[in-house]
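Convention: sequence-line order gives letters A, B, ...; per-chain numbering from 1.
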Amino acid sequence: MTTGIELRNLRKLFDGHGHASWAVDGVDMTIGAGKFVTLLGPSGCGKTTTLRMIAGLEIPTSGQIFRDGQDITDQPVTDRDMRMVFQDFALFPNMTIEDNVAFGLRVKSKRGAYSEAQIKRRVAEFLDLVHLKDHAYKKPHQLSGGQKQRVSLARALVTDPKVVLFDEPLGSLDANLRKIMQLELIRLHRELGKTFIYVTHDQDEAMAMSDAIAVMSQGKVMQFGTPREIYDRPANRYVASFIGHAHIVNATLDSKEADTVTVCLGNGDRVGLRGNVDAAPGSAVGLMLRAEDLAFADAGADTIGGKVIDSLYRGEYVEYVVALNGNSGVVHVHARTDLPPVAHGLAVALKVNPVKAHVVVQ
Amino acid sequence: MTTIERAVEPARTSIRSARAIERRRLLLWLLPPMAWFTVFMLIPYAMLLYTSLGHVDDMRFIPGLSLDNFVRVFTVDPYLGVIIKSARIGLMTAVLSSVVAYPLAFYLAFHVRTQRLKFLIYLLVIVPWWASYLVKAYAWKTILGSGGILNVGLQELGFVHEPVRLFLYNEFSVVMTLTYIFTPFAVLSIYAQLERVPTSLIEAARNLGADGWMIFRRIILPISVPGIVAGAIITFSLAFGDFVAPVLVGGPDSVMISNVVINLLGVAFDWPLAAAIGLVIITLGLLLISASGWLEEKTQTRF
């Protein structure tokens with residue numbers, strides 16, 4: 001028996017205007033109890049549908065959902081005891097903030113769980129938790145977006161669910177507010193110890209908050225791992241290019257040893273790096289190069305040659321666009337702003353950080 | 001110096017004339033609605049007031065400045081009584097229409113998935129309006145009458161042995177007919193309100209464990225109140241002023257206020273009294289609309 005949520009070969013067929021397509025196409029995942037797990041991907045990748053199936057708002061076409069080892073695939077949404085925070089907040093517009101937060105408790109109290117006095121006390125406690133004590137008697141339309149989102153959060157948390165689901169909850173907030181709410185969510189997750197399952201298309205948000213990220217594309221999970229694994233050791237080209245704007249240069253696997261790999265670029269430059277790769281020497285691979293892992297150097301062994309074609313002043317650093325020799329590809333390089341600027345058209349040599357550079361096969 | 005002044009002068013006139021053009025254009029835009037309002041509202045109301053203050057002598061209208069006709073509306077039988085009865089019929093129609101309309105509007109808003117089916121049902125609601133009002137009122141005569149489908153059905157099933165005469169020619173049949181005819185207005189007005197409820201609200205409530213009844217009572221019904229009020233006002237007003245249903249399916253005692261006005265105009269030739277009744281009804285109508293407007297505003301949910 002596993003604790004937490006387990007998805008087994010979960011699929012969902014959507015029938016849109018005559019042609020059906022798999023919105024979710026065979027998702028397998030185990031989400032440990034108390035973890036903060038993010039489903040990350042572009043719109044239409046199936047992340048929201050997966051979340052809605054976990055909540056019980058969508059019925060899977062096939063596959064199973066387990067919770068603490070128990071099959072809940074057919075359990076009605078009202079019995080699941082997982083609370084969802086919606087992108088549009090979904091606050092009840094006819095009720096005060098207090099009544100909104102109390103709604104879930106009142107539903108339970110119909111079965112004799114709470115007295116009205118207990119409800120009042122608990123609601124006040126949770127409004128305090130999200131810093132909205134003074135707004136209890138307002139209506140939702142009187143609050144700002146960030147405040148509405150916190151009401152929505154309090155409403156989800158007040159019934160003490162084991163699992164909280166988030167459907168792009170910060171999507172409609174401005175950048176500064178998002179940062180504040182991210183910290184708030186991390187704090188709540190740490191303090192309450194509940195399982196958070198979070199859907200977003202914002203990779204910075206996913207990286208900053210999650211214990212684990214599932215990168216999704218076209219209804220499938222491309223990689224499921226910690227933020228560090230996803231960023232440093234992407235499993236394939238898709239994940240590498242989706243996360244952190246990595247550039248992938250076509251290369252051939254030259255040789256590999258116990259923990260070092262040498263690849264050969266189209267122009268003949270060779271690069272040695274740490275790590276391992278699941279391919280035979282001579283096969284075509286992709287070399288993932290991120291701007292922060294490249295630096296200008298003197299030409300020599302283990303450097304790659306190119307020509308500066310553009311530069312962007314970013315304040316924190318200068319970003320150079322370098323076309324590699326022999327049309328092997330284009331990479332970006334970050335350089336310190338206090339160094340003398342490199343002229344456009346100048347031939348340069350780049351040194352690759354052998355620990356951070358990574359080879360992808362697929 | 002002079003050359004500079006001359007250079008500035010034309011520019012200033014052009015600004016002034018731009019303002020003048022703006023003002024003239026505004027006047028031009030305002031003219032049609034003002035004319036419409038004067039010809040179709042102001043003058044008729046003034047004529048109504050003028051007529052109501054005079055009296056009729058030997059079949060001839062004598063202008064005057066007397067409030068006698070208004071006193072007669074409130075003191076002479078049966079005018080006030082008929083107004084009250086008309087209001088009662090209007091109220092029953094409004095309540096019954098809302099009750100009949102709500103489930104349909106609810107179904108249309110929340111359970112019809114495809115646009116095509118939605119359009120079809122919408123059409124079915126509106127289509128009876130393509131048929132003449134008289135035909136529809138007449139149809140109820142054949143449904144409720146002694147030889148009508150209702151009585152025949154009840155006899156065939158053995159519930160009664162002879163035709164029930166209670167169905168037709170009384171207030172019941174008038175309310176039934178009016179409800180049938182005016183319910184579409186209630187459907188459309190309630191539907192318009194229900195359609196504003198986002199699906200995520202219902203999903204959020206279900207996610208919090210609420211059953212269907214609780215979602216309806218605590219969320220959907222409160223949000224739909226302004227739609228119910230608006231629909232009720234329309235059906236009430238239409239039923240209150242109706243004069244066909246009482247004639248066709250009403251009994252000898254189910255005369256409504258519009259029938260009285262028609263009789264005063266055509267048979268009794270007492271135009272001043274008819275005008276006075278008209279003004280009383282218009283005043284009541286204005287009060288009602290203000291009250292309902294206030295109620296709608298008060299109960300309107302802001303999203």
Notebook entry, point to check: Can you tell which of B:L201, B:I202, B:T301, B:D211 has the highest number of heavy-atom pairs within less than 4.5 Å of chain A?
Noted result: B:L201
Check: Between B:I223, B:T299, B:T199, which shows the greatest number of heavy-atom pairs under 4.5 Å with chain A?
Finding: B:I223
Item checked: Max heavy-atom pair count under 4.5 Å with chain B, selected residue of A:A90, A:G104, A:P76 -> A:A90
Can you tell me which portion of [X] sits under 4.5 Å from chain B's heavy atoms? Options are side chain, backbone, both or neither.
X: A:L105; answer: neither
X: A:R80; answer: neither
X: A:R52; answer: side chain

Are any non-hydrogen side-chain atoms of [X] and [Y] less than 4.5 angstrom apart?
X: B:I219; Y: A:M95; answer: yes
X: A:F86; Y: B:E203; answer: yes
X: B:V197; Y: A:P93; answer: no
X: A:F103; Y: B:R218; answer: yes

Heavy atoms of other groups near [X] [atom1], more than 12 under 6.0 Å:
X: B:E297; atom1: CD; answer: no
X: B:K118; atom1: NZ; answer: yes
X: B:W129; atom1: CH2; answer: yes
X: B:K85; atom1: NZ; answer: yes
X: B:F106; atom1: CZ; answer: yes
X: B:L284; atom1: CG; answer: yes
X: B:Y45; atom1: OH; answer: no
X: A:D74; atom1: CG; answer: no

Notebook entry, point to check: Minimum heavy-atom separation for B:G209 to A:V107, with atom names?
Noted result: O-CG1, 3.1 Å
Check: When rounded to the nearest 0.5 angstrom, what is the spacing between CG in A:D79 and CZ in B:R206?
Finding: 11.0 Å
Next item on the list: Look up atom CZ in A:R106 and atom CG in B:L208, then write down how far apart they are to the nearest 0.5 Å.
Entry: 12.5 Å
Notebook entry, point to check: With distance as the sole criterion, is a donor-acceptor pair present between the side chains of A:D88 and B:S200 under 3.5 Å?
Noted result: yes
Notebook entry, point to check: Does B:N207 reach the main-chain N or O of A:M84 with its side chain, forming a donor-acceptor pair under 3.5 Å?
Noted result: yes
